[in-house]
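Numbering of ligands and ligand atoms starts at 1, following listing order.
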Amino acid sequence: MKLRKVTAASAAVIALALTATACGEGAAEKDAKGGSEGGKGKITVGIKFDQPGLGQKTPQGYAGFDVDVAKYVAKELGYSEDQIEFKESKSQDRENMLSRGDVDFIAATYSINDEREKKVDFAGPYLLAHQDLLVRADDDSIKSAEDLNSKKLCSVTGSTSAQNVKQKLAPKAQLQEYPTYSACLTGLQNGAVDALTTDDSILAGYAAQDSHKGKFKLAGLELSNENYGIGVKEGSDLKAKINAALEKMVSDGSWEKAVEANFGPANYENEPAPKIGDIKK
Ligand code: GLU
């Protein structure tokens, strides 16, 4: 939490703003902070809606590893499943959604990094993934990151993958940034782009989707370490509570169960559970 000088006038404004928050939409966060006596209000959680295996909105509800992690954490904070309101948090929207108080926490393939930590706080990490490429199954021309330099590559605005391509991996690739992963996937299918880059955990889910079976393959490159954290508003005391919940999720076997249920169908070979605070560079 950054300390700022507070004048009498701005203190009055802050006091008013706090009052407004307390009776308005921020109620969920107030409840969440109240912790175990919760049970009354709602908790609002940001997830992805278009990532099978991680965060997906289906006709039957929400599913995926991030959804299971979010439900476990919410339960530890005193909220039952029907008290969770899931909101879509696209990659580029996550920091703003937390700062504005639109959501209490975000579990959405959200990598911990220095730039984001200037704006929000992270509990975790709770999963280690790696950046990889998804290409069309019949395309053998892309075997390394350098091969991308003459290709059209899709990544999602506001993701670490997009930044990594521009800064390090293939600065000469024709990078197209789309707002969502599903948009990139459509582009890959119809030939508008030659490859889609993001975390292998996400790409495995796309390759295994019924509607896409046999159409795409992963290049199998570990282009980065992506340490998934649970994002909270900067300075929030939820961070410590969520860390405790994540530790319990691993020690009681629920983490492993969630991994098998959600990554098993895609044959994704995940890394073992990371230790809280152990961020792989
Ligand atoms: N984990 C990476 C990130 O946080 C890529 C996946 C995503 O866009 O959510 O940017």
N or O pair under 3.5 Å between Arg94 and ligand 1
yes
Polar proximity ligand 1 side, Gln51 side, N/O cut 3.5 Å exclusive:
no
What part of [X], side chain, backbone, both or neither, has a heavy atom within less than 4.0 angstrom of ligand 1?
{"X": "Ile202", "answer": "side chain"}
{"X": "Lys90", "answer": "neither"}
{"X": "Thr109", "answer": "both"}
{"X": "Ser161", "answer": "side chain"}
{"X": "Gln131", "answer": "neither"}

Is the gap between the ring centers of Phe49 and Tyr62 under 6.0 Å?
yes
Can the ring centroids of Tyr110 and Tyr228 be said to lie less than 6.0 angstrom from one another?
no
Suppose I only count heavy atoms of [X] and a 4.0 Å limit; which atoms of ligand 1 are within that range?
{"X": "Lys48", "answer": "7 (C), 8 (O), 9 (O)"}
{"X": "Ser159", "answer": "8 (O), 10 (O)"}
{"X": "Thr198", "answer": "5 (C), 6 (C)"}
{"X": "Tyr228", "answer": "1 (N)"}
{"X": "Ala108", "answer": "9 (O)"}

Before accepting this row, confirm whether a basic side-chain N of the pair [X]/[Y] lies closer than 4.0 Å to the acidic partner's carboxylate O.
{"X": "Asp104", "Y": "Lys233", "value": "no"}
{"X": "Lys172", "Y": "Glu146", "value": "no"}
{"X": "Asp140", "Y": "Lys217", "value": "yes"}
{"X": "Glu76", "Y": "Lys241", "value": "no"}
{"X": "Lys71", "Y": "Glu81", "value": "yes"}
{"X": "Asp210", "Y": "Lys213", "value": "yes"}
{"X": "Asp278", "Y": "Lys280", "value": "yes"}

Donor-acceptor pair, distance only, cut-off 3.5 Å: does the side chain of Trp255 make one with the backbone of Val69?
no
Would you please determine whether Asp199 falls within less than 4.0 Å of ligand 1 on a heavy-atom basis?
yes
Hey, looking at atom 8 (O) of ligand 1, which of Ser201, Ser111, Gly229, Ser91 has the closest heavy atom?
Ser91
Out of Asn227, Thr197, Thr160, Asp66, who gets a non-hydrogen atom closest to atom 10 (O) of ligand 1?
Thr160
Residue from Arg136, Lys151, Lys152 passing salt bridge (charged side-chain N to carboxylate O under 4.0 Å, His left out) with Asp194
Arg136
In this structure, atom 7 (C) of ligand 1 is nearest to the protein heavy atom Tyr181 OH, 3.2 Å
For atom 4 (O) of ligand 1, what's the nearest protein heavy atom and its distance?
Arg116 NH1, 2.9 Å
